[in-house]
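Here is the structure we will look at, set down as structure tokens.
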2 protein chains.
Amino acid sequence: MPSDVSATQVGELLQAAARAFSQQGLARFGEHGLSPARVRLLTTLHQRPGSRMRDLADVLGVSGRAVTPVVDALESDGLVARTADPGDRRAFRLTLTDAGLATIDRITELQHRVSEEIFGGLTPADRAQLGGLLRKFLVTVSREPCPQNPAD
Amino acid sequence: MPSDVSATQVGELLQAAARAFSQQGLARFGEHGLSPARVRLLTTLHQRPGSRMRDLADVLGVSGRAVTPVVDALESDGLVARTADPGDRRAFRLTLTDAGLATIDRITELQHRVSEEIFGGLTPADRAQLGGLLRKFLVTVSREPCPQNPAD
DNA sequence: TATTGTTATACTCTATAACTATA
DNA sequence: TATAGTTATAGAGTATAACAATA
């Protein structure tokens, strides 16, 4: 088993696994009116309360433009609120409303249920091992993504 | 219960890992004009030469409607060809052209390179273990797409 | 009647570019 | 000049529904 074949296969398996997870898991979220982009923004905001939109765009890895319509929708649904940044009048600080926090609870509960369902075929030991390897992978990836642009 | 926390965490890690892989890997494919949907169709077709569009839709897990524009684009780029199905005059058999096969080679080469890059931080043993766990996961998932397990 | 693939239409998500109002 | 966020516009990808030709 040559190692480069293994790397390619791992990549394909990772994609396939994520696809299966998305299709079963996130499709379930759709029943509750929770699209992937909204869930990602809500949970990210929950982890970083008071974030500016710019910061969220960076953390989410999308353009600033992509954040506006998602926040618009969440705001009109009463889940997040834009509040003026006292230190920078160009920026907004985003906060979760009570309804937003309740939605986070529902998301968390859904995530638990879906994860239990979809990973139910793995033993706890397998899950722990898989989690550990994925975490290790993420650490190595985020350490050297493609970091040689600060020269410009 | 540590096990349900673990399941949730594994789900999050899986999503994060796939996201990192997509952003680094598939973004690289974009430089070659290869969008994810086209790559998926080409590689799937390569594995199942002569597939009908309906079969591809099923294998890819998308609606039949979603296949048409992708095939249109690939056909107009000269990578795939629609040929009449001798046994069913409603259907098309899709085949890879020579240019399509050359593109498969480029995709394969790119996948190798990207996978080696992105999984370079893992030891071969880690990769093998990760691949094995992902494969196991996929088997259990595809066996019970919608499990009814109200035990928990 | 059921199925293959198409057209028509709409939705989600994201990107680039131009604009404003600040900094 | 540079940055935060918006508007305008565009594109990929996918869904549902109605339709054609064929089974």
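The existence of a salt bridge linking A:R135 and B:E12 is excluded, since no basic side-chain nitrogen approaches an acidic carboxylate oxygen closer than 4.0 Å. The pair B:R113-B:E117 does not count as a salt bridge, with every side-chain nitrogen at least 4.0 angstrom from each carboxylate oxygen. Using a cutoff of 4.0 Å between basic side-chain nitrogens and carboxylate oxygens, B:R48 and B:D55 are not scored as salt-bridged.
B:R89 places its CZ atom 18 Å from the C1' atom of C:dT6, with the value rounded to the nearest Å. For A:M53 and C:dT20, the CE to P distance is 19 Å, given to the nearest whole Å.
Note on B:V71 and B:V39: same hydrophobic cluster, where clusters join Ile, Leu, Val, Met, Phe, Trp and Tyr whose side-chain heavy atoms are under 4.5 Å apart, directly or indirectly.
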Candidate pair A:L34 and A:T103, rule side chain to side chain contact (heavy atoms under 4.5 Å, CB included), full reasoning
CA-CA 9 Å; A:L34 296 167; A:T103 301; 3.8 Å; yes

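Take A:T68 and apply the side chain to side chain contact (heavy atoms under 4.5 Å, CB included) test, not counting sequence neighbours, and it matches A:M53, A:R65, A:D72, A:R82.
Heavy atoms only, all atoms of each residue included: B:L45 and B:G50 are closest at CD1-N, 4.1 Å. Counting all heavy atoms, side chain and backbone alike, A:G11 lies closest to B:F21 at CA-CZ, 3.6 Å.
If you find the closest nucleotide of DNA chain C to A:S35 and to A:D88, the one lying nearer the 5' end belongs to A:S35.
The side chain of A:R90 contributes no N or O atom lying less than 4.0 Å from OP1 or OP2 of C:dA21.
Residues from residues 36-44 of chain B placing a heavy atom under 4.0 Å of any atom in DNA chain C do not occur. Residues of residues 54-87 of chain B having a heavy atom closer than 4.0 Å to DNA chain D, listed by number: B:V62, B:S63, B:R65, B:A66, B:P69.
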